[in-house]
Amino acid sequence: MYAFDLVRPATLADAVAAMAHDEAQALGGGQTLIPSLKARLASPATLVSLTGIAEMVGVCRGDDGAVCIGGATTHAQVARDVAAHYPALAKLALGIGDPAVRNRGTIGGSVANNDPAACYPSAVLASGATIVTNTRHIAADDYFQGMFTTALEPGEIITEVRFPVPMQAAYIKFEQPASRFALTGVFVARYADGVRVAVTGAAEQGVFRWSDAEAALSAQFAASAIAGMAPDADGMITDLHGTAAYRAHLVGVLTRRAVEAA
Amino acid sequence: MPKDHGIGASIKRREDVRFLTGTGNYTDDINIRGQAHVYFLRSDVAHGRLNKVDTTAASAMPGVIRIFTGADFAGVGGLPCGWQVTDRFGVAMKEPGHPVLAQGKVRHVGDPIAAIVAETLEQARDAAEAIGLDIEELPAVVDMKAAIKDGSALVHDEIGSNLCYDWGFVEDNKAAVDAAIKGAAHVTTLELVNNRLIANPMEPRVAVGDYHRATDESTLYTTSQNPHVIRLLMGAFVLGIPEHKLRVVSPDVGGGFGTKIFHYAEEAFCTFAARKLNRPVKWTSSRSEAFMSDAHGRDHVTKIELALDADHNFVAIRTETYANMGAYLSTFAPSVPTWLHGTLMAGNYKTPHIYVNVKAVFTNTVPVDAYRGAGRPEATYQLERVIDKAARELGVDPIALRRQNFVREFPYQTPVAVVYDTGNYDATMDKLIEMADMAGFPARRAASEAKGRLRGLGVNCYIEACGIAPSNLVGQLGARAGLYESATVRVNATGGIVVMTGSHSHGQGHETAFPQVIAEMLGVDESLVEIVHGDTARGPMGMGTYGSRSLAVGGSAMVRAAEKVLNKAKKIAAHLMEASDQDIEIKDGRFHVAGTDKSVAWGDITLAAYVPHNYPLEDLEPGLEETAFYDPSNFTYPAGAYACEVELDPDTGRVTIERFAAADDFGNIINPMIVSGQVHGGIAQGIGQALLEGAVYDDNGQLLTGSYMDYAMPRATDVPFYSVDHSCVTPCTHNPLGVKGCGEAGAIGSPPAVINAVLDAMNSGGIKIDHIDMPVSPARVWAAIQTAKA
Ligand SMILES: Cc1cc2nc3c(=O)[nH]c(=O)nc-3n(C[C@H](O)[C@H](O)[C@H](O)COP(=O)(O)OP(=O)(O)OC[C@H]3O[C@@H](n4cnc5c(N)ncnc54)[C@H](O)[C@@H]3O)c2cc1C
């Protein structure tokens with residue numbers, strides 16, 4: 001690890017000010033960032049810790065009924081506090097990593113990082129959630145821009161993520177055997193105006209919506225409606241743990257299982 | 001009532017108190033005043049000519065004490081190999097040098113190029129980034145079969161080939177084996193891969209070198225399974241330090257699994273640098289470094305043929321194996337695919353003709369050496385897989401086919417040199433059938449099928465050669481070391497007993513089990529007995545722990561020493577009670593004169609030994625301390641039968657282990673709970689190999705599985721509740737405790753059971769397939785299903 005300064009602001013305003021420093025970087029739970037610092041893959045001059053900012057921690061219901069999760073809320077807290085409001089989302093949080101990771105890692109960190117195998121991006125996209133930052137609101141459909149790439153500007157902080165609550169939903173994660181991230185994960189959410197299906201872990205572009213399945217499921221919300229269907233293997237990831245064809249096949253299987261579980 | 005004391009009692013492990021409360025003393029806990037830290041700059045290319053290592057700028061960086069490169073080791077020995085294999089043609093294996101720091105070439109990703117010693121580790125790492133490297137990359141040698149074709153790049157130019165040896169065993173049997181196979185009614189052929197594994201002990205390797213200029217004494221603290229062996233190898237062959245000036249200490253060690261047997265460059269470096277700099281020097285491996293510098297295990301590519309007569313009797317076995325040595329010969333690497341593998345090819349069966357051929361190959365990968373089971377898992381896997389395949393081809397019950405061919409008369413001379421002293425393979429198979437509830441399997445299969453899953457049952461036997469080993473025999477086989485074990489039993493004046501064993505405990509529980517033996521023999525409570533190990537300054541020269549040898553060999557040495565103590569104690573007791581030592585017997589913790597009410601306490605005897613006021617000084621020396629060295633007359637042969645039941649999801653390819661049963665014959669048992677724990681751990685590793693683990697290199701020699709993101713270790717949720725039993729006992733005939741060893745059985749016996757079960761599941765679902773390689777990841781299973789369907 002290279003030397004850096006650590007600042008621990010107590011308010012969002014102080015955090016925003018601190019982020020204006022040259023080579024400043026936000027620090028959430030550090031579950032992704034700290035290992036990369038230890039491996040000397042990054043060398044920020046200042047880390048701005050967000051987890052001590054009370055206004056960024058916690059869960060509430062918005063006026064529109066949306067579940068609003070502070071950007072510095074840990075996965076463990078989401079698993080606990082969201083269970084009554086949006087069980088599929090709470091269950092997703094409970095399936096991330098191990099207890100140590102869940103008690104440190106934050107939703108803001110996960111969504112900012114946009115790892116192509118991470119769990120949260122599928123929930124954000126399938127729920128049509130809104131990413132709230134210190135400067136603006138970003139719709140999920142505009143936010144994810146390819147693996148490890150998002151609409152965030154340098155220095156921009158995710159303060160909250162707002163999830164409209166679906167009528168039915170489920171997340172099915174098929175674990176990569178080593179990392180236990182999603183080898184492929186599918187989040188299905190059914191709303192009054194239609195069904196959204198978001199897939200993580202599978203595609204080179206990162207999380208994506210499987211529109212053919214969305215159309216079929218919007219017409220009939222049943223696994224049989226997408227029997228035998230799978231997305232095109234083109235653009236899917238091939239690595240040690242599975243080929244593109246395998247991942248495409250899994251998307252079909254997991255989507256059907258998610259519909260059954262919803 | 002189960003015993004609560006002595007041999008056979010399931011006493012809780014006393015060492016666990018310190019391990020579980022964070023009060024153990026591991027090598028990384030050792031920090032010596034004034035210590036400097038070393039960081040190793042390692043090659044990030046698999047193969048290259050090292051044209052220049054420029055340390056000028058780096059040497060001037062803050063905190064840097066000195067930077068060492070290969071040139072600093074010009075006059076120093078390389079890391080020695082402890083076993084010389086002779087090939088089919090009577091020629092010694094090729095034995096290239098293994099410098100402490102790379103000289104001239106780098107030969108694998110992770111090969112150390114420079115060692116930066118600095119005041120802090122971070123300063124050393126900063127300086128490492130300032131070292132200028134000029135490496136001319138060469139084509140990487142990765143695939144073993146390609147490596148020994150003409151025109152392949154050479155890992156070691158000076159030996160002219162990548163073939164280390166071409167071994168035939170027993171070479172004189174070859175013609176008979178070929179003829180038997182030619183004339184057989186049925187021949188089953190199987191090609192398979194025994195996947196490369198990385199041991200991943202919880203504690204990474206650590207070395208701290210210390211030096212006292214005033215006495216010219218060096219001390220190395222290191223995470224080793226055999227500190228005495230390290231002292232001998234490093235002192236005599238690498239650094240030229242005589243043993244009386246060199247102490248090696250291995251305190252608490254957090255798991256070894258074989259990979260901490262070997263003498264490593266980092267240990268030699270820290271000892272060397274401490275002398276040069278007159279300062280303690282410490283190295284702690286990061287997990288990433290461990291992946292590319294700890295010796296790996298397995299990595300065999302094998303073709304096996306099993307020939308049967310018309311009545312399904314095994315008539316011959318012929319195998320051809322390519323065994324990866326990696327870039328250099330690690331300490332015991334040459335012995336693993338040969339003497340620890342070929343000698344086990346008879347398994348539990350009476351096959352009259354066996355021939356084993358092994359080609360050991362150098363590649364630009366991390367050196368490969370012993371890993372839990374070492375050679376024996378590779379033998380068991382191929383044999384038990386080919387038997388299952390034969391049963392499927394012949395349409396016979398795989399258990400019946402095994403039973404038909406069991407060895408039933410002992411001692412049994414195998415056609416592959418070793419002689420099994422005792423065993424009862426029917427007993428463990430009968431036990432297994434009961435434990436695994438095979439009668440209930442059809443109902444369980446039906447239940448799985450109702451859920452859209454496939455269910456399979458896999459069975460296999462295993463035998464292993466443990467208690468390594470008779471020194472004169474291994475000497476003939478090429479070992480450059482003896483393999484006896486030692487113990488000193490020191491009784492103190494007030495009755496406490498310290499046993500110094502040459503074996504080493506790094507999770508095995510010696511500190512609990514060894515006192516149980518002493519308690520049984522001397523009639524004292526276990527709490528009076530302390531076990532000391534892991535320090536060359538505190539005990540006699542011993543050979544350490546591997547090959548399930550601690551109790552069978554180390555325990556035997558301890559028994560011999562304790563017998564001497566007991567005989568002397570009886571003489572002292574006889575003197576105190578004015579009786580004959582022939583009449584002394586131990587009862588309820590006291591020494592009695594048989595047939596009388598006269599007795600003395602243990603403490604009376606021990607005090608008399610050290611305060612010899614009333615003592616037969618003319619016949620007996622004072623004191624009560626004895627040492628024994630024990631060299632076994634044969635290996636021991638633990639054996640058993642394992643069953644695995646899996647469920648397979650044909651939609652995703654995911655395999656889950658639903659049930660696992662293990663019936664083992666380990667001979668006599670000292671502590672059943674510890675034995676069960678050893679079997680549990682071994683099975684977890686075997687399941688890891690079968691389902692999850694596998695080190696993978698790409699064509700450029702880059703390790704793709706260089707972290708836990710890609711190297712899959714088994715976790716609690718991957719393994720079932722095991723059913724284990726070790727009540728089938730045929731005591732070893734040639735060691736005083738009648739014990740056989742249990743440390744590796746689980747890892748040896750479980751992979752074929754898992755794979756046999758997976759194949760049973762697939763075939764039951766109409767997926768006609770006769771083999772699948774480990775690890776059976778979901779992706780691999782799914783791909784196999786697609787291929788079978790097409
Ligand atoms: C062993 C292990 C297992 C894991 N398993 C899973 C898994 O199964 N599924 C899964 O989805 N994830 C998994 N993760 C990742 C985990 O969820 C991380 O917590 C998450 O990816 C990053 O969150 P963090 O709060 O730790 O962010 P950090 O590591 O602190 O930061 C990550 C990145 O986000 C930026 N950042 C952090 N917070 C904000 C913010 N509020 N606004 C803007 N930028 C921000 C940082 O600058 C940095 O670039 C695992 C991690 C580990 C170590």
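Naming convention: chains lettered A, B, ... in sequence-line order (proteins, then strands); numbering from 1 in each chain.
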Is a side-chain donor-acceptor pair under 3.5 Å present for Asn195(B) with Glu693(B)? no
pair Tyr39(B)-Ile67(B): side-chain heavy atoms closer than 4.5 Å: no
Are a donor atom and an acceptor atom from the side chains of Thr284(B) and Asp28(B) found within less than 3.5 Å of each other? yes
So, the part of Arg257(A) with a heavy atom under 4.5 Å from chain B: the answer is side chain
Measure distances from Phe174(A) to the heavy atoms of chain B and classify the residue's part below 4.5 Å as side chain, backbone, both or neither. side chain
Using a 4.5 angstrom heavy-atom cutoff, name the option from Leu121(B), Leu692(B), Leu691(B), Leu704(B) with the most pairs to chain A. Leu704(B)
Tell me whether Arg298(B) contacts the main-chain N or O of Tyr371(B) through its side chain, where contact means a donor paired with an acceptor under 3.5 Å. yes
Near-ring test Phe291(B)/Tyr708(B), centroid separation under 6.0 angstrom: yes
Identify whether the distance between the nearest side-chain nitrogen and carboxylate oxygen of Arg196(A) and Glu214(A) falls below 4.0 Å. no
Between Ser293(B) and Arg205(B), do the side chains contain an N or O donor and an N or O acceptor separated by less than 3.5 Å? yes
Does any backbone or side-chain atom of Gln786(B) lie under 4.5 Å from a heavy atom of chain A? Answer side chain, backbone, both or neither. neither
Output yes when Arg125(B) and Glu289(B) qualify as a salt bridge under the 4.0 Å nitrogen-oxygen rule, no when they do not. no
Below 4.5 Å from any heavy atom of chain A, which atoms of Met713(B) appear? Answer side chain, backbone, both or neither. backbone
Out of Thr184(A), Leu250(A), Asp239(A), Leu240(A), return the one with the most heavy atom pairs under 4.5 angstrom to chain B. Leu240(A)
Residue-level contacts of residues 773-784 of chain B with chain A, using a heavy-atom cutoff under 4.5 Å: Pro778(B), Ala779(B), Trp782(B)
Check each atom of Asp649(B) against the heavy atoms of chain A and say whether the ones under 4.5 Å are side chain, backbone, both or neither. side chain
Tell me whether Asp126(B) is salt-bridged to Arg40(A), with the criterion being a basic N under 4.0 Å from an acidic carboxylate O. yes
